[in-house]
Amino acid sequence: MSGAGRPGERDAGPDPVTVGRDAQITVIESALADIAVAGTWIVLRGDPGMGKTTLLKAAEATARRTGPRVLRMTGAEAESGLPFAALHQVLWPLLDDTGALSEERRHALESALGVRDGTPPEARTVAGAALTLLARAAARRPVVVLLDDLQWADPSSLAVFDHVRRHLAPLPVVVIGATRPTGAGDGVDGPPGRVIDLMPLAERDAERLLRTLRPALPEETRRRVLRTAGGNPLALHELPGPGTAGIAELFDELPLGERLGRLYEDRLRALPDGARHLLLVAALGGAFARRLSLLRELTERDALSPWAETWAHIEASGLAHADPAAGRLVFHHPLVPACLPHSAAPAERRAAHRLLADALPADGARRITHLAAAAVGTDGELAELLHGEAGRKAAQGADTEAAALMARAAGLSPDPASRASRLVAAAAMAARGGRPRAAADLAAEAETEARPGRPEPAAAHAFAVACARLRLDGDPTPALELLPGALDHAAAPGAGELSAGLREPMLLLLLVVAVHTGDERAWAAVEHHMTGTFDPATLYLRAWSGSHREPCGRLARRDVPAVQAFADVLRAHDDFLHGRWEASLTVSRQGAETSAAHGYAFDEMLFLLNAAQVLAARGDHAGLAALEPALGTMARERRMRRVTERLSGLEVLCALGHGRTEEAWRYARRLPPPGTVPSRTPWFHLSLVDWVQAAVDSGRPEEARRHLRAVRESGTARVPADHGFLVAVAEALAAADEDADGMFEAVYAHPGAGSRPFPLARAHLAHGGRLHRGGRREAAAGHFRSALTVFTRLGATPWAEQAARALDGPGTGSGAPDDAGVPHPLLSARELRIAELAAEGLTNRQIGERLGLSPRTVGAHLYKIFPKLGITTRGGVARALTQTRHRLAPEAGLGPGPPAR
């Protein structure tokens with residue numbers, strides 16, 4: 001028997017996360033490092049979930065890396081009454097060595113472990129045998145013994161462990177145990193070992209651990225988890241994360257799950273009924289119910305048990321204590337009040353809520369919620385009270401809490417019509433509060449209750465369904481079909497308070513759909529109902545159409561969760577436009593991850609689209625292609641026409657960065673054709689510079705100019721300022737040679753130039769190219785350097801390479817012949833570029849990859865180039881270019897002529 005795979009020797013598994021436990025790790029690693037010098041006994045003591053098992057795993061991982069043999073035991077409550085059950089786990093892998101023991105000790109140990117029949121052995125003999133067996137194993141190879149959940153170890157095994165502890169010092173053995181404060185392992189704390197008490201993680205460490213475990217957790221949920229966990233590492237691991245957020249319970253409790261809910265179950269179960277019930281009341285009643293005077297009054301009023309006796313049991317349990325100065329009950333840990341409702345039966349919870357309701361003022365809102373939690377069946381009067389309280393919460397902007405109250409009011413309603421209308425109201429509140437999944441569930445319940453009719457109020461139901469379907473599935477159809485009519489209804493005289501209050505969020509939702517689909521019905525409804533200057537819909541339109549910073553700030557200041565995702569997207573977009581690309585990419589990736597974790601398909605698409613902008617500008621074709629399944633496919637399937645157009649525009653940009661002009665033009669042709677300026681496309685201006693450059697660089701300058709004339713006539717260049725700057729850049733790119741300098745100078749002087757570094761750098765690159773081709777190489781070099789600096793800072797590598805190549809080219813300090821790059825008297829610009837690349841030794845395929853052409857097209861160009869240069873082979877291209885340029889350029893007025901000799 002080798003012992004491999006036996007109970008005491010398991011694989012350590014992956015290294016555990018031990019944030020905030022550096023001091024404890026240091027003690028453990030120090031003991032393991034000195035194992036050959038002295039034996040050590042360490043006890044980790046802490047509440048459930050404090051990381052004792054995690055530290056044992058860390059110790060095991062270290063031991064397996066450094067060489068000692070590892071033996072393990074995990075206590076179990078069901079085995080705590082079985083003699084030597086824990087010892088059996090530890091020593092089982094060593095039983096091959098029992099033949100070296102004396103007959104008495106071997107018989108005693110094997111009988112204790114159930115290997116042979118016999119009379120129960122004496123504990124001292126078993127302990128001596130166990131120590132001898134460990135010593136023999138450690139003589140061959142140091143041994144690490146890990147004892148988890150010592151509080152459940154049987155007394156016989158604990159006696160053996162204590163004997164080992166007292167004789168451990170001379171042995172190369174480290175024993176590390178883990179127990180709860182009230183566990184049986186507490187007492188084994190004398191020399192030569194030590195007890196390490198594990199306290200809750202510091203706030204900073206808890207935050208770091210939670211961000212490591214759940215990087216996509218929304219900030220609001222993160223704060224709730226940190227508050228509830230109270231530094232307990234297990235709670236930080238297991239409290240609900242993305243995807244679990246629905247409608248809050250009446251008392252906003254985070255569902256704990258089975259494992260967390262049972263953390264304190266053994267101590268709670270040991271309490272008398274009266275003490276446990278009083279703790280439940282304190283947990284459910286919040287700060288109000290934790291006054292000792294009230295708890296005493298409730299105990300005496302309901303004759304639960306004598307106050308002094310009840311309080312003595314509570315303090316003895318360690319679950320709570322009194323703060324005499326404040327006169328309040330203080331729970332040992334925030335998880336204790338969270339676990340109490342989880343472990344209580346429904347009847348116990350209802351009784352506690354009833355007790356609290358009776359103790360509260362008759363007209364208080366808190367009393368209404370406790371009555372609702374205590375109620376069974378229907379209660380029309382209580383439903384009315386809850387309905388009113390939900391309305392008040394909604395008016396204060398607390399839509400999520402309002403939705404929970406309204407949903408409970410629906411459950412208490414005695415007739416289907418009132419149940420359906422309240423479910424509709426709850427669904428609308430949930431949608432407005434940023435809980436689309438809950439909104440979808442509540443709307444579906446309302447539809448069931450209303451059959452065979454339709455849910456009312458219809459406008460609220462339309463909003464809930466449209467919002468849920470858009471955000472969860474990315475489907476704009478319900479918004480397109482339902483919201484125009486719902487907006488008309490909400491604006492009509494006599495519209496209900498709920499419907500009228502939903503006008504702004506409905507308008508915002510429909511505007512979002514209009515922007516991304518280009519649907520004319522949606523735009524017509526938006527323009528008909530758009531009135532104010534500060535409502536979210538107006539701000540959103542202004543943000544996409546021009547300046548983003550001010551609308552982003554206003555949207556973010558509105559405490560509307562459904563708006564927050566849009567505000568974050570706009571902020572990331574603003575960062576992209578203003579050259580803060582890393583910030584933009586970080587926000588976009590985090591937003592996409594969070595949205596995906598929640599199942600918010602539309603939100604994910606918005607963040608991915610913004611990430612795609614950065615990737616395209618950086619020339620990351622692989623990264624852009626990787627987004628296609630999640631972004632392009634979804635946009636096409638959902639008929640998000642403007643999204644697919646924007647993606648085509650980004651493909652143009654990416655191809656231009658790599659100098660693949662023909663490929664860029666192929667993508668540009670998917671955009672609105674030359675001379676067409678869509679009237680309702682807030683993103684049109686974003687691809688304008690790319691479209692124009694693709695046309696110019698592919699030899700179609702007239703199409704570019706025709707397109708720009710249409711842009712000028714449409715008024716797009718006038719407002720806002722950002723549009724005007726991009727139009728100025730595009731016009732400079734397309735300008736005739738005689739007008740180019742003036743057009744580029746107008747770009748540099750434009751008010752928007754300083755805040756838009758990427759298009760400005762592209763203008764410098766293009767201007768430098770013009771100057772260089774005209775022989776003004778020193779001036780060109782300055783523009784190339786300006787472009788290179790910006791492209792490098794932004795991480796736009798292909799663009800930076802273009803600028804670097806231009807700087808290293810002829811006449812800019814590279815030492816290459818001065819005549820290369822000057823317009824050729826016999827060749828077109830495209831033919832000249834192909835000839836120059838062929839002169840460098842590139843193959844047709846390599847030239848095609850550089851210019852976005854097929855190898856066959858390159859070959860066809862060369863077939864025309866050779867006779868123009870008077871050559872028949874590729875090897876003569878370089879010399880022919882120089883000779884024909886020097887001979888013919890002066891008479892054509894294209895260059896400086898042959899250099900002076």
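For clarity, every value in this text was computed on a predicted model and none was experimentally measured.
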Asker: Please enumerate all residues that pass salt bridge (charged side-chain N to carboxylate O under 4.0 Å, His left out) together with D323, with sequence neighbours excluded.
Answerer: none
Asker: Atom CG in L234, atom CG in L335: separation rounded to 0.5 Å?
Answerer: 8.0 Å
Asker: Kindly write out the residues that satisfy side-chain contact (heavy atoms from CB on, under 4.5 Å) with E445, not counting sequence neighbours, or none if the list is empty.
Answerer: L423, L442
Asker: Which residues satisfy the side-chain hydrogen bond (donor to acceptor under 3.5 Å, both in side chains) test with D358, sequence neighbours excluded?
Answerer: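 So D358 forms no side-chain hydrogen bond (donor to acceptor under 3.5 Å, both in side chains) with any residue.
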Asker: Who are the side-chain hydrogen bond (donor to acceptor under 3.5 Å, both in side chains) partners of D154, not counting sequence neighbours?
Answerer: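 Expected list: S157.
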Asker: Is D441 paired with R437 through a side-chain N to carboxylate O contact shorter than 4.0 Å?
Answerer: no
Asker: Which residues pass the side-chain contact (heavy atoms from CB on, under 4.5 Å) test with A344, sequence neighbours left out?
Answerer: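 Applying side-chain contact (heavy atoms from CB on, under 4.5 Å) to A344 gives L280, E348, R349.
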Asker: State the CG-CG distance between L198 and L55, to the nearest 0.5 angstrom.
Answerer: 6.0 Å
Asker: How long is the span from the CZ atom in R296 to the CD atom in E300, to the nearest 0.5 Å?
Answerer: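 Here the rounded value is 5.0 Å.
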Asker: Looking at residues at least two apart in the chain, or sitting in another chain, which of them share a side-chain contact (heavy atoms from CB on, under 4.5 Å) with A320?
Answerer: L279, I314, L329, F331
Asker: Looking at residues at least two apart in the chain, or sitting in another chain, which of them share a ring pair (Phe, Tyr, Trp, His ring centres under 6.0 Å) with H163?
Answerer: H167
Asker: Are the side chains of L226 and R223 in contact, using a 4.5 Å heavy-atom criterion?
Answerer: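 A side-chain contact is absent here, since even the closest heavy-atom pair is not under 4.5 Å.
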Asker: Find the distance between CG (L168) and CZ (R166) and round it off to the nearest 0.5 Å.
Answerer: 12.0 Å
Asker: Verify the distance criterion only: is there a donor paired with an acceptor across the side chains of Q151 and D149 at less than 3.5 Å?
Answerer: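 Present: a donor and an acceptor within the cut-off.
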Asker: Run the salt-bridge test on R165 and D162 with the 4.0 Å N-O cut-off and return the result as yes or no.
Answerer: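 Judged by the 4.0 Å cut-off on N to carboxylate O distance, R165 and D162 do form a salt bridge.
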Asker: Tell me, which pairs form a side-chain hydrogen bond (donor to acceptor under 3.5 Å, both in side chains) where one or both residues lie in residues 380-390, sequence neighbours left out?
Answerer: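 Sorted pair list: E384-R422, H387-R422, E389-R392.
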Asker: Show me the side-chain donor-acceptor pairs of residues 283-293 shorter than 3.5 Å, one per line, residues at least two apart or across chains.
Answerer:
from: R290; atom 1: NE; to: A282; atom 2: O; distance (Å): 3.0
from: R291; atom 1: NE; to: F288; atom 2: O; distance (Å): 3.2

Asker: Please report the interatomic distance CD(Q89) to CG(D148), rounded to the nearest 0.5 Å.
Answerer: 10.0 Å
Asker: Going by the rule side-chain hydrogen bond (donor to acceptor under 3.5 Å, both in side chains), which residues pair with W311 if we only count those two or more places apart in sequence or in a different chain?
Answerer: E315
Asker: Who passes side-chain hydrogen bond (donor to acceptor under 3.5 Å, both in side chains) against E203, sequence neighbours left out?
Answerer: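 E203 satisfies side-chain hydrogen bond (donor to acceptor under 3.5 Å, both in side chains) with no residue once adjacent residues are dropped.
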Asker: If the test is side-chain contact (heavy atoms from CB on, under 4.5 Å), which one of V145, V43, L146, V27 qualifies with I176?
Answerer: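 Among the candidates, only L146 passes.
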Asker: Who passes side-chain contact (heavy atoms from CB on, under 4.5 Å) against D47, sequence neighbours left out?
Answerer: M50, P181, Y264, R267, H332
Asker: Working to the nearest 0.5 Å, report the span between CG of L386 and CG of D379.
Answerer: 9.0 Å
